Amino acid sequence: MSPHKLYLYNSLSRQKEVFEPIHPPHVGLYVCGPTVYGDAHLGHARPAITFDLLFRMLGHLGYKVRYVRNITDVGHLENDADAGEDKIAKKARLEQLEPMEVVQHFTTRYHQNMQDLNVLPPSIEPRASGHIMEQQQVIQRILDAGYAYVSNGSVYFDLALYAQNHPYGKLSGRVLDDLMATTRELDGQEEKRHPFDFALWKKAMPEHIMRWPSPWSEGFPGWHLECTAMSTKYLGEMFDIHGGGMDLLFPHHECEIAQSTAALGKESVRYWMHNNMITINGQKMGKSLGNFITLEELFTGKHPLLEKAYSPMAIRFFILQAHYRSTVDFSNEALQASEKGLTRLMEGIRTLNRITPSATGTAALEGFESDCYQALCDDLNSPVVIALLFDGLRHINAAFNGQGSLSASDLEMLRRVYHTFVFDILGLRDEQAGDNHGELLEYLIGYLLDIRQEAKAAKDYATSDKIRKKLSELGVDIKDRKDGADWSFRSAAQ
RNA sequence: GGUUUCUUGGCCGAGUGGCUAGGCAGAGGUCUGCAAAACCUCCUACGGCGGUUCGAAUCCGCCAGAAACCUCCA
């Protein structure tokens with residue numbers, strides 16, 4: 001086990017706490033995944049990347065993590081004229097497709113997006129539709145405990161009763177009395193004892209095509225149930241970390257706490273973690289606001305708001321440059337700044353791999369590695385780690401230029417740190433290094449550069465500039481050095 | 001209306017009661033045939049008004065502005 005102590009901000013206590021797993025070295029991590037009824041947008045990238053960072057960090061620290069991230073393919077309700085109708089079913093009917101066809105389509109695309117972003121697949125990715133039985137079992141346990149009631153074939157959670165015996169609202173800071181005052185009139189309210197009771201099971205209307213048999217009616221599970229059922233199934237009645245977007249804090253996670261406490265007689269989750277939103281012009285980016293940009297559009301540049309395409313790693317780096325609990329505002333300018341910074345970082349790492357050690361080092365690097373650990377262990381402060389990595393870059397580039405030197409042990413440490421933090425933990429990929437153009441290309445470019453060197457030596461700058469210009473047009477940048485010339489592929493994103 | 005949070009230099013974005021975050025952009029310089037890259041230097045900010053303190057951008061209060069949640073949402 002690593003000697004580094006990991007501090008995480010617990011939404012429940014509203015402060016950073018030392019992370020201590022219930023059953024070390026094992027860690028159970030559950031994160032609310034996407035509803036697969038549309039393409040993933042930039043907002044979806046945030047929790048995926050945030051908790052990918054946590055997953056990688058925990059693994060690096062020596063924990064054995066079971067990471068469960070669900071696919072929501074049933075159960076959420078829409079709040080428009082079709083209130084009460086299942087989201088997936090609605091979309092399916094509009095497009096004359098089977099619901100599962102829609103689900104499959106967008107799940108596949110989601111996976112592709114995540115892979116592009118270098119987000120590791122979770123250990124288990126359960127689907128709500130595959131866990132109807134488990135959800136019904138949770139409902140039965142809540143009924144048995146007396147915290148739910150059946151009404152006209154639907155089952156509702158008795159929040160008023162629950163709140164008498166449990167501190168409802170402690171995650172979100174809600175007070176039930178306030179909720180009573182602000183609850184709106186929605187369909188189906190007459191079935192409930194109180195407006196704020198929420199559905200555990202909903203009887204399906206005749207036109208509703210996603211439905212399952214149950215002891216109470218043919219219908220479908222309520223909004224919040226799948227996470228309780230699936231987290232309990234795969235991580236146990238008590239587990240370590242539950243994550244998701246801040247917008248899920250209330251009511252979704254509050255209801256989860258109520259459900260699992262009612263069903264199991266105890267709270268399930270030790271640490272609640274919530275990533276903040278991505279905003280656009282200062283406003284949350286979301287489907288309901290219609291101001292979102294899909295990941296596909298970002299990667300291809302096909303969206304009116306985009307000046308150009310942005311590579312998956314530029315997006316990932318952009319997100320990691322902000323702390324996960326801060327909002328991060330989208331703009332072309334910010335994205336391009338990230339893109340350039342990332343290129344600089346990657347070029348620096350390539351440089352690092354080519355430096356030869358000196359007898360002594362001139363760079364002040366003591367504490368560099370531990371500072372990096374400390375930053376990430378401080379509630380996953382990725383922006384600080386990135387700042388440190390940029391600091392280190394200066395020493396690396398200076399040494400490469402002969403304006404300083406790095407000892408063998410300095411180099412060994414730097415290579416370890418950059419490899420570990422950049423690739424393993426931050427999960428960045430060198431998008432150019434992936435292009436293996438083969439030995440022939442290497443040889444050809446090298447040969448052209450030789451000719452160019454000869455031209456330069458003969459002061460035939462017309463020829464040397466011609467070669468440089470042509471290679472540049474082909475995406476190969478030349479960098480003259482004292483001892484010859486370097487070249488590299490310009491990243492596709494530029 | 002209720003709850004919560006935020007307001008940092010041209011832009012993005014960290015952070016701590018006292019010591020230059022970092023990136024991008026900009027200016028100057030080194031290097032260079034030129035260019036690019038790299039390196040060096042500069043641009044040193046914390047919404048407003050009070051208060052606590054030897055000292056606050058960091059703590060407290062008020063004001064202004066913004067956002068999130070209260071309804072599906074990452």
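None of the values given here were measured: they were computed from a predicted structure. Below, chain A is the first sequence line, B the second, and so on; all start at residue 1.
- Every pair passing salt bridge (charged side-chain N to carboxylate O under 4.0 Å, His left out) that includes a residue from residues 364-377 of chain A is listed here, sequence neighbours excluded: A:Glu369-A:Arg416.
- Nucleic acid contact for A:Leu248: sugar-phosphate only, since backbone atoms but no base atoms lie under 4.0 Å from a heavy atom of the residue.
- In this structure, A:Tyr461 packs face-to-face on the six-membered ring of B:G33, meeting both the 5.5 Å centre cutoff and the 30° plane limit.
- The CG-C1' distance, from A:Asp247 to B:U5, rounds to 14 Å in whole Å.
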Which side-chain N or O atoms in residues 351-358 of chain A pair as donor and acceptor under 3.5 Å with protein atoms at least two apart or in another chain?
unit_1   : atom_1 : unit_2   : atom_2 : d
A:Thr351 : OG1    : A:Glu347 : O      : 2.9
A:Asn353 : ND2    : A:Ile349 : O      : 3.3
A:Arg354 : NH1    : A:Asp486 : OD1    : 3.1
A:Arg354 : NH2    : A:Asp486 : OD2    : 2.9

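- Using a cutoff of 4.0 Å between basic side-chain nitrogens and carboxylate oxygens, A:Arg452 and A:Asp480 are scored as salt-bridged.
- As a whole-Å value, the separation of A:Lys459 NZ from B:U32 C1' is 12 Å.
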Short N/O separations, protein against nucleotides 34-38 of chain B, under 3.5 angstrom:
unit_1 : atom_1 : unit_2   : atom_2 : d
B:C34  : O2     : A:Arg468 : NH2    : 2.6
B:C34  : N3     : A:Arg468 : NH1    : 2.8
B:C34  : N3     : A:Arg468 : NH2    : 3.3
B:C34  : N4     : A:Asp480 : OD2    : 2.7
B:A35  : N6     : A:Asp480 : OD2    : 3.3
B:A35  : N3     : A:Arg468 : NH1    : 2.9
B:A36  : N1     : A:Asp480 : O      : 3.3
B:A38  : O3'    : A:Asn397 : ND2    : 3.1
B:A38  : O2'    : A:Asn401 : ND2    : 2.4

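- Note: A:Tyr271 and A:His242 fail the aromatic proximity criterion, with ring centroids not under 6.0 Å apart.
- The CZ-P distance, from A:Arg325 to B:U5, rounds to 12 Å in whole Å.
- Rounded to whole Å, atom P of B:C24 lies 12 Å from atom CD of A:Glu339.
- Checked against a 6.0 Å centroid threshold, the rings of A:His274 and A:His253 count as neighbours.
- Applying the salt bridge (charged side-chain N to carboxylate O under 4.0 Å, His left out) test to residues at least two apart or on different chains, the pairs with a partner in residues 314-331 of chain A are A:Asp52-A:Arg316, A:Arg325-A:Asp379.
- Taking atom C1' on both nucleotides, B:C43 is separated from B:G48 by 25 Å, rounded to a whole Å.
- Using P as the reference atom, B:A66 and B:U8 are 14 Å apart when rounded to the nearest Å.
- Atom CH2 of A:Trp272 is separated from atom P of B:C69 by 18 Å (rounded to the nearest Å).
- Contacts of A:Ile278 with the nucleic acid, taken as non-hydrogen atoms under 4.0 Å apart, include base atoms.
- Considering A:Arg193, A:Lys192, A:Glu191 as possible partners of A:Tyr156, the one that fulfils the side-chain hydrogen bond (donor to acceptor under 3.5 Å, both in side chains) test is A:Glu191.
- When ring centroids are compared, A:Tyr373 and A:Phe421 come within the 6.0 Å threshold.
- At a threshold of 4.0 angstrom between heavy atoms, the contacts of A:Gly282 are confined to the sugar-phosphate backbone, with no base atom among them.
- Not less than 6.0 angstrom separates the ring centroid of A:Phe299 from the ring centroid of A:Tyr310.
- Between A:Arg468 and A:Asp477, none of the side-chain N atoms (NZ, or NE/NH1/NH2) sits under 4.0 Å from a carboxylate O, so this pair counts as no salt bridge.
- Nucleotides B:U58 and B:C6 place their C1' atoms 15 Å apart, quoted to the nearest Å.
- Between A:Tyr168 and A:His166, the ring center distance fails the sub-6.0 Å criterion.
- Comparing A:Gly286 and A:His395 by the nucleotide of RNA chain B that holds the closest heavy atom to each, the one mapping nearer the 5' end is A:His395.
- Look at the P atom in both B:A27 and B:A36: the space between them is 12 Å, to the nearest Å.
- Interatomic distance, A:Ser472 OG to A:Ile467 CD1, rounded to the nearest 0.5 Å: 13.5 Å.
- B:G28 and B:A35 have their P atoms separated by 13 Å, given to the nearest Å.
- Within a 6.0 Å radius of CD in A:Gln336, more than 12 heavy atoms belonging to other residues, nucleotides or ligands are found.
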**OP:** Take nucleotides 11-18 of chain B nucleotide by nucleotide from the 5' end and write B, S or -, depending on whether a protein heavy atom sits under 4.0 Å from the base, only from the sugar-phosphate, or from neither.
**Re:** SSSSS---
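- Looking at the side chain of A:Leu289, the nearest of the listed nucleotides B:A25, B:A68, B:A21 is B:A68.
- Taking a pair as Watson-Crick or G-U with both hydrogen-bonding distances under 3.5 Å, the stems of three or more pairs touching RNA chain B are B:1-7 with B:64-70, B:10-12 with B:22-24, B:26-30 with B:38-42, B:47-51 with B:59-63.
- Comparing the C1' positions of B:C11 and B:U3 gives a spacing of 32 Å, expressed to the nearest Å.
- A:Asn275 has its CG atom 20 Å from the P atom of B:A67, to the nearest Å.
- Contacts of A:Met246 with the nucleic acid, taken as non-hydrogen atoms under 4.0 Å apart, are absent.
- The gap from the C1' atom of B:C40 to that of B:G51 amounts to 44 Å, rounded to the nearest Å.
- Residue contacts for A:His274: at a heavy-atom cut-off of 4.0 Å it reaches no nucleic acid atom on any strand shown.
- Residue contacts for A:Arg14: at a heavy-atom cut-off of 4.0 Å it reaches the sugar-phosphate backbone alone, with no base atom in range.
- Using a 4.0 Å cut-off between charged side-chain N and carboxylate O, A:Asp378 and A:Lys16 make a salt bridge.
- Remark: the separation of the C1' atoms in B:A64 and B:C49 is 10 Å, to the nearest Å.
- Here the C1' atom of nucleotide B:U3 and the CG atom of A:Leu171 are 13 Å apart, to the nearest Å.
- One can place CZ of A:Arg46 at 19 Å from P of B:C73, the figure rounded to the nearest angstrom.
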